[in-house]
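These values consider heavy atoms only, across backbone and side chains, with no hydrogens, waters or symmetry-generated copies. In the text below, chain A, chain B and the rest are named by the order of the sequence lines, each starting its count at 1.
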Amino acid sequence: MNVKKASSIQRVIKSSLRNNQPKAKFETSLKPPRANHTLKQYLQRNSFTRAIEFFRELLRQNPSAVDSYSLVFVLKACTRQSLIVEGQQGHATAKKLGFEPIIFLQTCLIDFYSATGNVDSAYCVFDEIHCKNAICWTSLITAYVDNDMPGKALDMFKKMLMTNLEPDQVTLTIALTACADLGALSMGEWIHSYICRENVLRDDLCLRNALVNMYVKCGDIDAAQTLFYSSSQKDVFTWTSMIVGHALHGQSLEALDLFAKMKQANGNIKGCKHLVVPNDVTFLGVLMACTHAGMVEEGKRQFKSMVQDYELRPRLPHLGCMVDLLCRAGLLEEAHDFISQMQVQPNAVVWRTLLGACSLHDNIEAGSTVRLQLHELEPTHVGDDVTLSNIYAAKGLWYEKTMLRCRIRSRRAPGCSSVEVGSEVNEFVAGDSHHPLKAQIYDVLVHLMGIIRSCNHMPET
DNA sequence: CCCCACAGCC
C-alpha cells in the first residue's frame, strides 16, 4: 500500500511540475529564509497564484531553497483560494520531502482540507499527528464548526479536555461558537466559568465577543447584555453581536438604540485608534431589527445611510432583508421592483422571501411567476412548490393544489421525510405551514432539544 | 521566517 501511495504522490508532484508554465521569471537562486520572505510578501499582497507559481519554480530549479516554512506559505495560499489540487500537491510535496512530523505544517493541512470542505481528510491529518498540541486540536474543532458540524466540534473539544491539554483563548473562542451554533447554553456557561477562573483569559476581546454571541444565540439575552455593558473595550464585533442579538429577540427598538449609541461612542473618542465603524454586518442587524418591527421607512432610511454615509455596497443578505421588509408590509409590487433593480443577481433566498409573502397575501399570479424564477435557480427544491400549493389551497383551488402535490410526490426530492403516525404515513416537507403534523413534530423537536442540552454537561473525568 | 479565534438574510 505504501508503494502504491508513494507512486501516486510521485505522479502528483510530476504533474505539478508539468503544469508549471511561469508567465514571469522568478529569482530562484535563493536560500530558504530569503525565498520564504518572498513567498510571505506574495501572501501579504494576496498574490496567491504568484506564490504558488514561485514555489513550483523553486522546487524545479533550486529545491534546496524549499523548507517546511515555504510549504506553510504555499498551503496558506491554497487555503485562501480554495485551490484543491494545488493544496493536495502541497501535501504530497510535504510527504516527499519528509516534513510529515512537523506539527505546524500538519496544522496548515487541517486548515486547508477544512477550507475545501474535506473534513474527513482534515481529521486524517490530525489523527496522524503523534504529539498533538492545543493549536492542532483547535484547527480540527474549527474545521467542524466551519463545516456546519458544531456537535462534532464540541465532542472534539471535550475529547481534548480529557487528554489534559489546556485549551488556549483561541480554543475556547471557537468552542463558544460551536455552543452558539448548537444552542448549547449549559456548555457555554461551563466555558464561561472556566474563563473566569483563568485571569489571563479575562481580557481577551475576541473571547468576550464570543461569549456575548453565545449567550445571544442560546437565548439568554440578559446575560449577553450584562457582559456587553461590563466590558470597557468594545470593537465592531462586540457592538454587532449585541445589535444582532436584540434584533433576533424581537427587541427592535433596543437594537436601533444601541446602533445610535455605537455611532455616538465614535463621536466621543478623539483618537482614531479606537474608532469603531459599523460595517455591513452591523447594518444587517439594523435592517433585521427594522424588518421584524415592520419599520419600513426606518429600514429604507438605514439602507440609504449604509450606502451613502458609509459607502458600503449592499450584498445579497442586505437585499434579501429589504425584500423581506417590503414583503412583510404587504408591499409585494415594490418588493418585486426592488429585486428587478438590484445590482446583484438575486439568489433563491431572495425569491423565496417574495414567494412566502405571496403565500401570506394569497397572491396566486405573483406566486406562480416567482415559483418559475425559483425553479430555474433550484429545480429540486420541493418546499417552494409546497408554498405555492398552499396559496392554491387558501384560495380554494383544490384541483391545482392536488396537481402540484402529485408533481412533488413524483419528484421525491432529497430532504423530504416521511413520518409514521399510527397506520398512516404522512409526508412532512419543510415550509408546509398548513400541515397538521407540524405542531406535533415541533413538540418532538423541542423535547429532543431538551435532551441534547442536558447531554451537554461536561462528562466526569 | 511557522500553525488555531469573534458578528450575518429565508
For this session: Taking the six-membered ring for Trp and the full ring for Phe, Tyr or His, determine whether the centres of A:Trp137 and A:Phe126 are under 6.0 Å apart.
Result: yes

Problem set entry | Candidates B:dC9, B:dC1, B:dC2 - which lies nearest the side chain of A:Val72 | B:dC2

For this session: In whole angstrom, give the distance that lies between atom CG of A:Leu105 and atom C1' of B:dC4.
Result: 15 Å

Problem set entry | Nearest-nucleotide pick for A:Val349, side chain only, options being B:dC3, B:dA7, B:dC9 | B:dC9

Exercise. Could you state the CG-P distance from A:Leu97 to B:dC2, rounded to the nearest angstrom?
Worked result: 20 Å

For this session: Determine the contact category for A:Val244: base if any of its heavy atoms lies under 4.0 Å from a base atom, sugar-phosphate if only primed atoms, P, OP1 or OP2 are that close, otherwise nothing.
Result: sugar-phosphate

Exercise. Among B:dC6, B:dC3, B:dC4, which nucleotide sits nearest the side chain of A:Thr138?
Worked result: B:dC4

Problem set entry | Pair A:His249-A:His246, side-chain contact (heavy atoms from CB on, under 4.5 Å): steps then yes or no | CA-CA 5 Å; A:His249 285 263; A:His246 283 306; 6.0 Å; no

Exercise. Got a donor-acceptor pair under 3.5 Å from the side chain of A:Thr353 to the base of B:dC10?
Worked result: no

Exercise. What is the distance, rounded to the nearest whole Å, between atom CG of A:Leu39 and atom C1' of B:dC3?
Worked result: 16 Å

Exercise. Any donor and acceptor pair, going by atom type alone, linking the side chain of A:Ser340 with main-chain N or O of A:His336 inside 3.5 Å?
Worked result: yes

Seminar exercise, completed: A:Asp181 CG to B:dC6 C1', in whole Å, measures 12 Å

For this session: Establish whether the base of B:dA5 is bridged to the side chain of A:Asn209 by a donor-acceptor pair shorter than 3.5 Å.
Result: no

For this session: Determine: side-chain N/O of A:Lys76 to OP1/OP2 of B:dC1, distance under 4.0 Å, yes or no.
Result: no

Problem set entry | Gap between atoms CE and P, on A:Met342 and B:dC9 respectively (whole Å) | 16 Å

For this session: Identify whether any heavy atom of A:Asn213 sits under 4.0 Å from a base atom; if not, whether one sits that close to sugar-phosphate; answer base, sugar-phosphate or nothing.
Result: sugar-phosphate

Problem set entry | Per A:Val170 side chain, nearest of listed nucleotides B:dC3, B:dA5, B:dC10 | B:dA5

For this session: Return yes if some donor-acceptor pair links the side-chain N/O of A:Arg313 with the main-chain N/O of A:Val307 below 3.5 Å, else return no.
Result: no

Problem set entry | Of the listed nucleotides B:dA7, B:dC9, B:dC4, the one nearest the side chain of A:Asp168 | B:dC4

For this session: Name the closest nucleotide to the A:Ile135 side chain, picking from B:dC3, B:dA5, B:dC9.
Result: B:dC3

Exercise. How about A:Phe283 and A:Phe303: are their ring centroids closer than 6.0 Å?
Worked result: no

Exercise. Side chain of A:Met288: nearest nucleotide among B:dC10, B:dC9, B:dC6?
Worked result: B:dC9

For this session: Check every strand shown and say whether A:Asp111 touches a base, only sugar-phosphate, or nothing at a heavy-atom separation below 4.0 Å.
Result: sugar-phosphate

For this session: Give the intermediate values and the outcome of side-chain contact (heavy atoms from CB on, under 4.5 Å) for residues A:Leu185 and A:Cys179.
Result: CA-CA 7 Å; A:Leu185 180 61; A:Cys179 293; over 6 Å; no

For this session: Using a heavy-atom cut-off of under 4.0 Å over every strand shown, decide if A:Thr291 touches base, sugar-phosphate, or nothing.
Result: nothing

Exercise. What's the CD1-P distance between A:Ile129 and B:dC4, to the nearest Å?
Worked result: 13 Å

For this session: Assign A:Ile174 to base, sugar-phosphate, or nothing according to its heavy-atom contacts below 4.0 angstrom with the strands shown.
Result: sugar-phosphate

For this session: Assign A:Met322 to base, sugar-phosphate, or nothing according to its heavy-atom contacts below 4.0 angstrom with the strands shown.
Result: nothing

Problem set entry | Length of the CG-C1' vector between A:Asn279 and B:dC6, whole Å | 12 Å

For this session: May I have the distance from A:Tyr215 (atom OH) to B:dA7 (atom C1'), rounded to whole angstrom?
Result: 18 Å

Exercise. Of all the choices, B:dA7, B:dC10, B:dC4, which nucleotide is nearest to the side chain of A:Thr107 once you look at every atom?
Worked result: B:dC4

Exercise. Stacking here means centres under 5.5 Å and planes under 30°; does A:Phe237 stack on B:dC6?
Worked result: yes

